[in-house]
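Notes to accompany the following structure.
Fair warning: this is a prediction, and the values are worked out from it, not measured in the lab. Protein chains get the first letters and strands the later ones, always in sequence-line order, with residue 1 at the start of each.
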There are 2 protein chains.
Amino acid sequence: MGKLAMKLFRECLPVFQTLSDPHRQDIVLLLHENGAMPVNELTARLSISRPAVSHHLKLLLQGGFITCEQRGKMRYYSLSLEEPVALLRELLSVVEAECPPQSDSISPMEAKR
Amino acid sequence: MGKLAMKLFRECLPVFQTLSDPHRQDIVLLLHENGAMPVNELTARLSISRPAVSHHLKLLLQGGFITCEQRGKMRYYSLSLEEPVALLRELLSVVEAECPPQSDSISPMEAKR
DNA sequence: CGAACAGGTTTAAGTTTTTAAACCTATCGA
DNA sequence: TCGATAGGTTTAAAAACTTAAACCTGTTCG
């Protein structure tokens, strides 16, 4: 119960960490809007350097947010949001199941216990 | 469309940032398990100092994850996950609507080609 | 082959986050 | 009022994150 919530929170840690940077959010959005792209094309549309983009791509890869497909010289990065989305959905469903949507505020009496 | 996803991603930034720290996750879980608690009781159950707990509580307050109720000397913190959960749920539903669950994922084999 | 191009890696610096010590404020009871 | 308790704030240092310059690898094509 609480154990499950704990487990899910921890499993979602990399998801939260990955999405807690605006540049990485931008990359996700760019790939979503325009489909697969190589690093240089992403760099052209962002305001950070290529090594920085490359670094964020690495984190996104490790977090399972994107996949990479090499075609000749080029490496095309494309979104694969299924896994992180599934993790978040699972966490949300557990939290919503355990926490009554009607506020949980604790009465002062109970607080004494 | 993409604009909406963008807007939701940005609105969820504080949620991601707040939940991307294990200690803050621990505080959320402790409050969920045991109900409202004051700072000292939280500190007793964690491995960080009281000022650190206090700091994380401040961030959780700013993120709308908890509320505070003062009774005499004591300040009881309790969970109020409704708002962040609603934000996450909204983002998830948009992402799931825009991204077909069955995807274009590139298998490692295909990637080589 | 060898020059040009795409892109990953290392490194070093700047920035932000996290933390605990020291300090300050407010409440309660004697 | 005074002392003890609960807890927030400031500060300074350590850790982590982000970034760009310089460098290295691998592919394509003349």
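One N or O on the side chain of A/Gln70 and one on the backbone of A/Gly72 form a donor-acceptor pair closer than 3.5 Å. For the pair B/Arg45 (side chain) and B/Ile27 (backbone), a donor-acceptor distance under 3.5 Å is absent. With hydrogens and angles ignored, the 3.5 Å screen pairs no side-chain donor or acceptor of A/Ser54 with any backbone N or O of A/Pro51.
Distances shown here put every side-chain N or O of A/His55 at or beyond 4.0 Å from the OP1 or OP2 atom of C/dT10. Between C/dG8 and A/Tyr77, a contact under 4.0 Å exists linking OP1 or OP2 to a side-chain N or O. Between B/Arg24 and the phosphate of C/dT18, there is a side-chain N or O to OP1/OP2 separation shorter than 4.0 Å. Contact annotation: A/Ser49 side-chain N/O to D/dT19 OP1/OP2 distance is not under 4.0 Å.
The separation between A/Lys73 atom NZ and D/dG30 atom P is 10 Å, rounded to whole Å. To the nearest angstrom, C1' of C/dT9 lies 14 Å from CG of A/Leu57. The NE2-P distance, from A/His56 to C/dG7, rounds to 17 Å in whole Å. What separates CZ of B/Arg50 from P of D/dT5 is a distance of 13 Å, to the nearest Å. Rounded to whole Å, atom P of C/dA26 lies 19 Å from atom CE of B/Met74. The separation between B/Leu13 atom CG and C/dT16 atom P is 15 Å, rounded to whole Å. The distance between atom CG of B/Asp21 and atom C1' of C/dT19, rounded to the nearest whole Å, is 11 Å. The CD1-C1' distance, from B/Ile66 to D/dG7, rounds to 14 Å in whole Å.
For B/Arg75 and D/dG8, a side-chain-to-base donor-acceptor distance below 3.5 Å is absent, hydrogens and geometry of angles not being considered.
Within 6.0 Å of CD in A/Glu83 there are 12 or fewer heavy atoms belonging to other residues, nucleotides or ligands.
The cluster map of Ile, Leu, Val, Met, Phe, Trp and Tyr, joined by side-chain heavy atoms under 4.5 Å apart, puts B/Met6 and B/Leu13 in different clusters.
Among the heavy atoms of the strands, none lies under 4.0 Å from A/Tyr76.
Closest to the side chain of B/Asn40, out of C/dA20, D/dA6, C/dG8, is D/dA6.
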